[in-house]
Amino acid sequence: MAMKAKLPESLDQVEKVYCETDILIIGAGNAGCFAAIEAKRKNPDLKVTLMEKAYIDRSGCLAAGMDAINTYLKKGKTIEDFIKWSRSQAGGLLREDLAIKVAENLNAPVEEWEEWGLPIKKNEDTAEYANRGKWDITIQGESMKPIIAEKVREYGCEVLNRVVATNYLLKDGRVVGAMGFHVRQGKMVVVKAKATIIATGGAAGIYKPYTNDGSDSHHQLWYSPFNTGAGYAMGIRAGAEMTTFEMRWCATRTKDFTGPIDTISVGYGTPMINGKGEKILQKRYAEWGGETAPRFIRANAPMEEWMEGRGPCFMDTTGMSDEEIKQMKNDYLNERPTYVLFLAARGQDLKKEPIEIYGNDPYIVGGHTASGYWLNSEDWSTTLPGLFACGDVAGGVPNKFVGGCAAEGLLAARGAVEYVAQLNGEIEIDEAQVEAEKARIYAPVFRLIEEGDGVKPKEMEERMQRLMDEYAGGVHQFFRMNEEQLQYALKHIKILQDQVKYLIANDLHELMGAHEVIDRLDVAEVLIHHLLYRKETRWPGWQTRTDYPEKNDEAFDCFVNSTRDPETGEVKIFTREYEQIVPGDRMKPN
Amino acid sequence: MPPKVDLTKCDGCKAEEEPLCEQICPGNLMTLNDDGKAMCRESRDCWDCMSCTKICPQGAIETRLPYQLGYYPAKLIPKVGTNKIIWTCVDKDGKIERFIVKTRND
């Protein structure tokens with residue numbers, strides 16, 4: 001049995017472990033794993049290292065599995081069709097240059113996953129994958145993460161499990177690896193790398209979830225609660241350019257469980273109804289396409305019904321057959337198995353009682369909306385030399401989902417391999433930076449030893465989540481916000497950032513919690529700046545400004561980007577023009 | 001939500017370098033208590049992904065829903081095979097449903 005590591009009692013006692021690699025990938029989820037495999041395929045002589053906060057077999061968004069791939073180009077569908085659909089779903093704003101390249105690579109990783117063992121349902125007559133809506137295919141993905149983890153090992157990639165990344169190693173403005181700590185051993189880990197790919201996922205837990213009863217439901221979230229925005233925060237602290245944080249991922253999810261509903265709506269064509277039994281989308285949002293309205297409309301619709309006194313709202317399952325209901329529960333077992341338990345615990349017969357729906361706590365997640373690193377479409381590089389990004393942490397390509405995040409893994413790996421090939425000379429690191437980071441990482445441990453008192457990570461997390469929920473458009477406020485509320489939120493986020501010095505950690509798990517809240521605060525700060533800048537309402541639900549309820553194309557039909565100055569801490573907000581490549585009305589799917 | 005550990009079944013994975021539930025948990029939540037039995041250190045922080053429940057060689061872990069969200073005593077028990085999982089679901093009134101889900105191609 002492994003011995004539990006003791007916390008260091010002073011800074012001198014902290015053991016530092018140095019590693020060196022050619023390509024470092026931070027985050028071994030779907031995108032990171034595909035990046036690792038692709039880098040090895042492009043050049044087997046390269047050393048490829050994955051730094052993973054959890055354990056690769058069940059880490060990231062796919063820990064429990066997945067029941068569909070939402071972006072697969074079926075026979076007869078073109079890349080242009082896909083861009084038009086995705087663009088309209090995102091309210092007309094996406095990076096078309098990036099999205100086209102993602103679309104070109106959507107199918108290969110899915111087919112490869114199938115070869116490696118992932119069961120995908122086929123249409124018996126055509127031998128094509130069985131449809132689930134226009135772009136979706138049904139998979140039986142309970143084991144898709146262990147399957148890809150096996151392949152990562154087979155390809156000879158090195159995996160550093162249970163290492164929490166905290167900051168990039170920087171040398172003369174270039175990213176030359178990353179630093180962090182081992183959450184089991186307590187050692188500081190310094191990985192020097194020729195190229196670095198960030199693939200840590202998006203950010204959950206910025207906002208307070210409504211299921212939080214103060215006891216056992218704090219992580220009853222749709223998005224992985226262990227994706228805490230580390231990759232965004234590391235980029236923000238190093239001055240990377242970020243885009244579109246204000247396009248928050250608020251969605252309609254199953255009430256009280258915050259589970260996915262595409263399984264029900266797309267999978268089984270059930271309509272969304274209100275408490276009066278009216279088909280909400282068909283009745284009030286017909287001009288947006290009814291049941292296939294853009295995602296932000298579908299997120300906002302049930303919340304509007306509640307506000308107007310017509311809640312609760314449901315996905316009407318009462319017309320489903322017994323066979324369909326059984327199959328739908330099967331689908332849930334492949335992605336969120338405890339939703340089947342939830343229905344059983346409610347004693348709910350879906351033919352008599354439909355599935356209730358509600359909004360979720362907002363997430364920042366580039367796989368669904370467009371928040372993340374601003375990328376160069378030539379090679380998936382970020383604005384920091386030596387750093388590439390893929391998956392939910394990468395910005396500009398909404399609706400990429402699991403398939404698109406895998407595709408970005410391939411694209412970022414190709415960029416990184418080419419970058420490494422043209423490098424000359426040894427990489428040097430700045431030992432002063434390593435020492436400063438060591439002090440920053442372990443500060444909550446020594447504060448507790450020296451002062452015996454301070455702020456627990458959970459206390460700070462809950463303060464931040466309540467603040468964001470109430471003043472920056474959380475689910476309890478029906479996603480609404482105004483200038484004064486956002487300014488209030490920003491003022492208090494700045495106070496919390498200053499109070500980080502009082503954080504205390506009693507063990508390594510709590511130390512991880514401390515860094516998770518520090519990272520989330522940096523994401524929240526930048527998010528508020530983005531929300532303040534967009535003085536319009538472009539995506540009701542995702543971004544609802546009560547003081548600017550209309551869309552203003554003249555001023556804001558563009559990307560809102562930001563950088564935070566690493567020296568002064570000042571957040572600079574600016575815009576970048578929309579570049580249309582695929583012709584047509586950007587709000588129309590065809 | 002909190003994995004509930006049956007202390008009579010859990011042997012702390014003595015033969016393993018690290019208990020399997022501790023190794024697999026994506027939230028770093030499973031650990032051993034002073035008696036060498038598995039425990040969830042922060043039940044509020046569980047995402048109920050069921051990774052610990054599925055991997056436990058003793059079948060000692062049950063994933064429960066928070067009572068605030070779903071009524072007692074519903075259960076969902078996975079029996080993990082090489083290429084499939086047989087799920088048994090018992091609702092709050094004792095009604096049983098069974099599902100066989102393929103997890104890997106043969």
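Chain letters run A, B, ... following the sequence lines, proteins first, then strands; residues in each count from 1. In this text the structure is predicted, and so the values were computed from the model without any measurement.
- Taking B/Ile100, B/Thr103, B/Asp106 one by one and counting their heavy-atom pairs under 4.5 Å with chain A, the maximum is reached by B/Thr103.
- Residue A/Trp113 does not touch chain B at all, counting heavy-atom pairs closer than 4.5 Å.
- Of the two parts of A/Glu335, neither the backbone nor the side chain holds a non-hydrogen atom closer than 4.5 Å to a non-hydrogen atom of chain B.
- Considering SG of B/Cys52 and CZ of A/Arg58, their distance stands at 11.0 Å, rounded to 0.5 Å.
- Crowding of A/Lys456 atom NZ: a count of heavy atoms from other residues, nucleotides or ligands under 6.0 Å not exceeding 12.
- In this structure, the side chains of A/Gln220 and B/Asp48 come closer than 4.5 Å at one or more pairs of heavy atoms.
- Across all their heavy atoms, A/Ala345 and B/Lys92 have their closest contact at O-CD, 3.5 Å.
- For B/Lys54 and A/Glu142, the salt-bridge test passes: some basic side-chain N is under 4.0 Å from an acidic carboxylate O.
- Atom SG of B/Cys89 and atom CZ of A/Phe342 lie 12.5 Å apart (nearest 0.5 Å).
- Figure legend: cation-pi geometry between A/Lys326 and B/Phe99, with NZ or CZ positioned under 6.0 Å from the six-membered ring centre and within 45° of its axis.
- To the nearest 0.5 Å, atom CG of residue A/Leu341 and atom CD of residue B/Glu62 are 8.0 Å apart.
- For the options B/Cys25, B/Gly27, B/Ser51, heavy-atom pairs under 4.5 Å to chain A are most numerous at B/Gly27.
- Chosen from A/Ala54, A/Pro337, A/Ser59, A/Gly141, the residue pairing most often with chain B at heavy-atom distances under 4.5 Å is A/Pro337.
- Interface remark: A/Leu118 contributes backbone atoms only to the contact with chain B (heavy atom separation under 4.5 Å).
- Of the two parts of B/Ile55, neither the backbone nor the side chain holds a non-hydrogen atom closer than 4.5 Å to a non-hydrogen atom of chain A.
- Interface check for chain B: of the options A/Asp57, A/Val340, A/Ile120, the most heavy-atom pairs under 4.5 Å are formed by A/Val340.
- Counting only heavy atoms from C-beta outward, the side chains of A/Phe257 and B/Leu65 approach each other to under 4.5 Å.
- For the pair A/Ala344 and B/Val90, the tightest heavy-atom approach, listed with the atom from each and the gap, is CB-O, 4.0 Å.
- Interface remark: A/Tyr339 contributes no atoms to any contact with chain B (heavy atom separation under 4.5 Å).
- Around the CZ atom of A/Arg466, the shell of radius 6.0 Å holds no more than 12 heavy atoms that belong to other residues, nucleotides or ligands.
- Proximity to chain B (any heavy atom under 4.5 Å) is restricted, for A/Glu461, to the side chain, taken from C-beta onward.
- The OG atom of A/Ser217 lies 4.5 Å from the CD atom of B/Gln68; values are rounded to the nearest 0.5 Å.
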* **Intermediate values then yes/no, salt bridge (Lys or Arg N to Asp or Glu O under 4.0 Å), A/Arg162 and B/Glu18** => CA-CA 13 Å; A/Arg162 299 290 172 195; B/Glu18 191 174 37; 5.6 Å; no

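- For the pair A/His218 and B/Cys46, the minimum side-chain heavy-atom distance is 4.5 Å or more.
- Using a 4.5 Å cut-off on side-chain heavy atoms (C-beta onward), B/Asp45 and A/Pro225 make no contact.
- In this structure, the salt bridge (charged side-chain N to carboxylate O under 4.0 Å, His left out) partners of A/Arg346, at least two apart in sequence or on a different chain, are A/Asp256.
- Residue A/Met512 touches chain B through its side chain alone, counting heavy-atom pairs closer than 4.5 Å.
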* Which is it for A/Asn212 and B/Arg44 under the side-chain hydrogen bond (donor to acceptor under 3.5 Å, both in side chains) test, yes or no, and what are the steps along the way? -> CA-CA 9 Å; A/Asn212 180 357; B/Arg44 94 201 240 288; over 6 Å; no

* Asked: Given the rule in the side-chain contact (heavy atoms from CB on, under 4.5 Å) test, do A/Leu333 and B/Leu76 qualify, once you have shown the distances and angles that lead to the verdict?
  -> CA-CA 10 Å; A/Leu333 289 170; B/Leu76 179 66; 4.1 Å; yes

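- Judged purely by atom type and a 3.5 angstrom limit, B/Trp47 uses its side chain to pair as donor or acceptor with the backbone of A/Leu221.
- Residue A/Asn161 does not touch chain B at all, counting heavy-atom pairs closer than 4.5 Å.
- A/Lys458 has its side chain within reach of B/Glu42: a pair of non-hydrogen atoms, C-beta onward, lies under 4.5 Å apart.
- No side-chain donor-acceptor contact under 3.5 Å links A/His509 to the backbone of B/Leu29.
- Among the candidates B/Asn105, B/Asn83, B/Val101, the single residue satisfying the side-chain contact (heavy atoms from CB on, under 4.5 Å) test with A/Pro119 is B/Asn105.
- More than 12 heavy-atom neighbours from other residues, nucleotides or ligands sit within 6.0 angstrom of NZ on A/Lys329.
- Of the listed residues (A/Arg336, A/Glu114, A/Met144), the greatest number of heavy-atom pairs within a distance under 4.5 Å of chain B belongs to A/Arg336.
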